[in-house]
Engineer: 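Here's a structure for you.
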Amino acid sequence: MLKQFLNLKLSQKLSPQQIQLMKLIQLPTQAFEQRLKEELIENPALENGKDEEEIYEKDEFDNNDDYDEYEDNESIASDDINIDEYLSDDETPDYKLQANNYSEDDDERETPFATQTSFHQDLINQLNTFILNDDERDIAEFLVGSIDDDGYLRRSIQDIVDDMAFTQGIYTDEKKVEKILHIIHDLDPSGVGARDLQECLLLQLRRKTPSEYIDLAINLLENYFDHFTKKHYEKLLTLCEISQEQLKKAIEEIERLNPKPGGSFDSSSRVVEQIVPDFTIRIIEGELELTLNGRNAPSLHVSKDYQEMLQTYKDSRDKSHSQKDAVQFIKQKLDSAKWFIDAIRQRQETLYVTMNAIMHFQQEYFLDGEETKLKPMILKDIADMVGLDISTVSRVANSKYVDTPYGTKLVKEFFSEAMKNDQGEDVSTLEIKKILKTVIEEEDKSKPLPDDQLVEILKEKGYPIARRTIAKYRDLLDIPVARMRKKI
């Protein structure tokens with residue numbers, strides 16, 4: 001029994017090639033292009049672009065074993081090196097999978113970008129407009145370096161004083177650091193260098209032109225910050241002896257502020273991922289049409305130079321040991337190139353058939369765009385349709401994007417569990433989330449709906465859901481609790 005179990009485990013173990021194929025399938029378009037570049041660099045037997053030379057006929061190399069003069073494990077059988085398999089143009093249509101799903105004229109648009117100064121370097125540059133001695137500049141630059149990407153100084157002044165002494169040999173005191181920090185607070189963007197949210201908002205308000213509502217907003221944040229953050233509006237009206245309209249105007253001033261001043265800086269040091277759709281779905285005369293991004297389907301072939309080197313060896317009478325080593329190297333590179341070409345073809349087939357199954361499963365949604373028409377769909381549904389493993393479908397869904405008439409979507413967004421409505425029918429959890437979001441958006445913000453009331457409203461709409469499920473979906477939608485949604 002143990003032996004049978006071990007044999008089963010061994011049979012289920014993936015080969016290195018299968019693992020590499022799974023990794024290729026998981027790559028989105030841009031990452032795949034990078035992987036392709038790396039393979040072209042590493043394997044000189046693999047070339048990009050169409051092979052313009054005449055393709056050799058299948059019978060050009062006979063099946064005679066011209067390398068049998070190798071002894072024992074040094075022998076290389078010529079039928080192990082079928083060059084024609086690498087050079088045949090018959091591979092190309094397989095990439096395309098069908099005539100209309102790939103075009104060499106597909107746009108390869110890249111978003112241009114300008115070289116920009118980083119957030120911290122911009123702050124350093126602004127310090128040049130202040131008259132500072134060497135010690136003050138050292139402290140100022142250390143403070144700037146301690147500011148995080150959101151624009152906050154999240155360390156205590158005492159910690160900064162100690163750190164400067166131990167790591168920089170700069171000996172100072174808290175009073176001097178506080179003085180320099182006030183200079184940092186004068187830099188742009190407004191609010192930078194704040195130690196917490198309250199100070200950040202106050203720094204921004206104090207830069208504004210004084211007015212009744214600006215002054216009131218400053219008073220709220222300085223003296224009643226806890227009541228403000230908890231939206232205890234009735235208490236604020238009483239404590240500040242103001243009208244509801246005055247409170248509303250003051251809150252509007254605060255809502256215009258930026259709680260993350262560093263986040264607004266368009267820094268080139270931050271990596272902004274450009275989404276390149278792997279698929280495109282279009283509606284043509286009432287029918288859905290799926291295409292693959294052409295950048296996933298490169299034209300590859302085996303180098304003719306390597307084929308010629310092999311031919312030269314075949315024709316030569318005297319075969320030296322160094323030549324035998326060269327042939328072994330060529331065979332290794334040819335095998336690798338052939339495997340990579342086959343792997344790309346399999347990747348294309350896997351991507352296409354998987355997305356095609358998803359498109360047909362969710363046909364009503366793709367024809368209409370209404371999210372409530374998304375059916376419950378799990379990975380196993382698609383795996384059963386296309387005859388692939390669930391993990392393979394997951395690799396396609398988790399990292400690929402599809403351009404639809406309703407925007408670019410992450411493929412995994414079309415998957416959802418099923419729940420029963422009051423008619424006993426299966427409905428998608430996506431549909432329930434959409435309805436929940438709509439209900440909350442349409443609520444009276446002066447009296448936002450608590451979760452208990454949301455349960456009753458969805459029950460009336462035919463979706464009997466527990467309160468904890470409502471809370472879970474609300475969190476997934478980034479919707480706060482009722483108290484935090486309250487507005488004047």
Side-chain angles (χ1 to χ4, degrees), residues 148-157 181-182 185 189-264 433 435-460 465-488:
D148 66 17
D149 287 339
D150 290 333
Y152 284 85
L153 184 67
R154 301 189 189 272
R155 303 175 61 196
S156 70
I157 298 298
L181 182 57
H182 288 309
H185 288 163
S190 177
V192 72
R195 284 158 284 190
D196 53 41
L197 177 61
Q198 183 180 18
E199 184 176 36
C200 178
L201 299 178
L202 284 169
L203 286 170
Q204 294 177 62
L205 284 171
R206 287 174 180 142
R207 288 246 202 130
K208 291 179 174 288
T209 304
S211 69
E212 176 189 353
Y213 302 121
I214 294 293
D215 293 343
L216 178 54
I218 291 174
N219 182 38
L220 291 174
L221 295 181
E222 273 190 333
N223 302 307
Y224 308 104
F225 186 72
D226 190 51
H227 289 309
F228 171 76
T229 57
K230 293 178 179 178
K231 298 197 173 185
H232 293 164
Y233 295 144
E234 296 300 325
K235 289 184 179 180
L236 290 174
L237 291 173
T238 302
L239 291 168
C240 298
E241 298 181 348
I242 53 176
S243 68
Q244 191 173 83
E245 182 63 23
Q246 287 175 307
L247 179 59
K248 182 180 178 181
K249 293 291 186 182
I251 291 173
E252 287 175 356
E253 292 290 347
I254 296 172
E255 288 177 341
R256 294 190 185 103
L257 306 177
N258 186 354
K260 295 182 179 180
S264 64
K433 290 175 189 174
I435 293 171
L436 175 63
K437 184 179 179 181
T438 301
V439 169
I440 293 175
E441 285 175 349
E442 295 175 353
E443 71 184 357
D444 180 357
K445 295 303 179 186
S446 64
K447 295 179 180 179
L449 300 166
D451 290 350
D452 288 339
Q453 285 183 251
L454 291 172
V455 168
E456 293 303 318
I457 291 173
L458 263 69
K459 186 176 180 181
E460 291 172 5
I465 304 173
R467 183 182 180 279
R468 63 178 179 276
T469 306
I470 290 287
K472 174 185 173 183
Y473 289 172
R474 188 171 42 69
D475 288 340
L476 290 172
L477 293 168
D478 288 327
I479 298 175
V481 296
R483 175 173 56 79
M484 300 306 294
R485 302 197 302 270
K486 187 176 182 180
K487 292 186 178 180
I488 296 293

Engineer: Just grab all the ring-ring contact (aromatic ring centres under 6.0 Å, His included) pairs involving residues 194-227, residues at least two apart or on different chains.
Structural biologist: His227-His232
Engineer: Nearest 0.5 Å, please: how far is CG in Asp150 from CG in Leu197?
Structural biologist: 11.0 Å
Engineer: Answer yes or no: are there more than 12 heavy-atom neighbours, outside Lys248 itself, under 6.0 Å from its atom NZ?
Structural biologist: no
Engineer: Holding to side-chain contact (heavy atoms from CB on, under 4.5 Å), I want the full list of residues that pass it with Pro480, two or more places apart in sequence or in another chain.
Structural biologist: Met484, Arg485
Engineer: Who are the salt bridge (Lys or Arg N to Asp or Glu O under 4.0 Å) partners of Lys235, not counting sequence neighbours?
Structural biologist: none
Engineer: With sequence neighbours excluded, tell me which residues meet salt bridge (Lys or Arg N to Asp or Glu O under 4.0 Å) with Asp478.
Structural biologist: none
Engineer: To the nearest 0.5 Å, what is the distance between CG (Leu247) and CG (Leu220)?
Structural biologist: 6.5 Å
Engineer: Side chains of Asn258 and Pro189: closer than 4.5 Å at any heavy-atom pair?
Structural biologist: no
Engineer: Using the test side-chain hydrogen bond (donor to acceptor under 3.5 Å, both in side chains), find all partners of Glu253 that sit at least two apart in sequence or belong to another chain.
Structural biologist: Arg256
Engineer: Ignoring hydrogens, what is the shortest heavy-atom contact between Leu257 and Leu201? Give both atom names and the distance.
Structural biologist: CD1-O, 3.6 Å
Engineer: Taking the side chain as every heavy atom from C-beta outward, state whether Arg474 and Asp451 have any atom pair closer than 4.5 Å.
Structural biologist: yes
Engineer: Going by the rule side-chain contact (heavy atoms from CB on, under 4.5 Å), which residues pair with Leu477 if we only count those two or more places apart in sequence or in a different chain?
Structural biologist: Lys433, Leu436, Lys437, Ile479
Engineer: Side chains of Leu449 and Ile440: closer than 4.5 Å at any heavy-atom pair?
Structural biologist: no
Engineer: Can you list everything that forms a salt bridge (Lys or Arg N to Asp or Glu O under 4.0 Å) with Asp444? Sequence neighbours excluded, please.
Structural biologist: none
Engineer: So which heavy atom on Leu181 is nearest to which on Gly193, and how close?
Structural biologist: CD1-O, 3.8 Å
Engineer: Using the side-chain contact (heavy atoms from CB on, under 4.5 Å) criterion, which residues pair with Arg206? Sequence neighbours excluded.
Structural biologist: Leu202, Ile218, Glu222
Engineer: Tabulate below the donor-acceptor pairs under 3.5 Å that side-chain atoms of residues 237-245 make, not counting sequence neighbours, or state none.
Structural biologist:
unit_1, atom_1, unit_2, atom_2, d
Thr238, OG1, Glu234, O, 3.2
Ser243, OG, Gln246, N, 3.2
Ser243, OG, Gln246, OE1, 3.4

Engineer: What is the distance from atom NZ of Lys231 to atom NZ of Lys487, rounded to the nearest 0.5 Å?
Structural biologist: 7.0 Å
Engineer: Calculate, to the nearest 0.5 Å, the distance between atoms CD and CD1 belonging to Glu443 and Ile457 respectively.
Structural biologist: 8.5 Å
Engineer: Rounded to the nearest 0.5 Å, how far does CD1 of Ile435 lie from CG of Leu454?
Structural biologist: 12.5 Å
Engineer: Is any side-chain heavy atom of Pro259 closer than 4.5 Å to a side-chain heavy atom of Cys200?
Structural biologist: no
Engineer: Who are the side-chain contact (heavy atoms from CB on, under 4.5 Å) partners of Asp226, not counting sequence neighbours?
Structural biologist: Thr229, Lys230
Engineer: My understanding is that only residues two or more places apart in sequence, or in another chain, count here; which of them pass salt bridge (Lys or Arg N to Asp or Glu O under 4.0 Å) with Arg483?
Structural biologist: none
Engineer: Tell me if the NZ atom of Lys249 is crowded by more than 12 foreign heavy atoms within 6.0 Å.
Structural biologist: no
Engineer: If you look only at pairs with a residue in residues 189-199, which of them pass as a side chain to side chain donor-acceptor pair (under 3.5 Å), with sequence neighbours excluded?
Structural biologist: Glu178-Arg195, Arg195-Glu199
Engineer: Atom CZ in Arg207, atom CG in Leu203: separation rounded to 0.5 Å?
Structural biologist: 8.0 Å
